[in-house]
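The structure appears right after this line, and notes come after that.
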Amino acid sequence: MKQFSVQMIDTSISSHWWKEIIEHFIRVGDIYEIRCWREETSEIEQASLYGTAVDDKFEVSIKGTVTKELLEKLLTEEPTDKSIYNKMTKYLTIHVRNDLCDIWSEHYGTEMVINITSDTDIDFFKQVMGQYSESFRIGIC
């Protein structure tokens, strides 16, 4: 197993890299948690269609099981609010753990920590991220 810490440094990059990673590692039936700031009412409402929301003082945590519809939305939707961040996703945090990985997509997808189990999946991750070597800082543990 290897852990990769990814920080986006090119604020103009598209979300293609993020969607490739999500499509490869997240599957229908996986347990997920999405975290939103309390004031992100639209995002909370949309994520709550696929899970149960719990108010956690400053954030709202939505937990559930990845459905085909949720995965499709993650892979196709483009955030419209990019005034502060070049967001890869509209959700502050997405966490999924399965037999392939333990993935934390943070700060609207601009940062990621992923523990990858198999050498094949590690190679896939390196291949995807290698295409964007100038756009990210990547740490490996």
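Pairs passing the salt bridge (Lys or Arg N to Asp or Glu O under 4.0 Å) check and including a residue from residues 105-133, sequence neighbours excluded, do not occur.
Taking 4.0 Å as the cut-off between side-chain N and carboxylate O, Asp55 and Arg38 count as a salt-bridged pair. Of the charged side-chain nitrogens involved, at least one lies within less than 4.0 Å of a carboxylate oxygen, so that Arg35 and Glu59 count as a salt-bridged pair.
Few gaps surround CD on Gln127; more than 12 heavy atoms of other groups in view lie less than 6.0 Å from it.
The closest donor-acceptor contact from the side chain of Asn86 to the backbone of Thr11 lies under 3.5 Å.
Side-chain contact between Met112 and Trp104 is absent, with no heavy atoms from C-beta onward closer than 4.5 Å. In this structure, Leu74 and Thr89 have side chains that are in contact, with non-hydrogen atoms separated by less than 4.5 Å. Within the 4.5 Å cutoff, side-chain heavy atoms of Ile116 are placed close to those of Phe25.
Residues Leu49 and Ile62 fall within the same hydrophobic cluster, defined by Ile, Leu, Val, Met, Phe, Trp and Tyr side chains chained together at heavy-atom separations under 4.5 Å.
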Quiz prompt | Check against side chain to side chain donor-acceptor pair (under 3.5 Å), Ser42 and Gln46 | solution = CA-CA 6 Å; Ser42 174; Gln46 291 171 23; 3.1 Å; yes
Between Ser105 and Trp18, is a side chain to side chain donor-acceptor pair (under 3.5 Å) present by the stated rule, with each step listed? CA-CA 9 Å; Ser105 171; Trp18 187 86; 2.9 Å; yes
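With sequence neighbours excluded, the residues satisfying side chain to side chain contact (heavy atoms under 4.5 Å, CB included) with Lys19 are Ser15, Leu75, Glu78.
Within the 6.0 Å centre-distance limit, the rings of Phe125 and Phe4 are counted as a close aromatic pair.
Classified by interplanar angle (parallel below 30°, tilted 30° to 60°, perpendicular above 60°), the ring pair His24/Phe124 is parallel.
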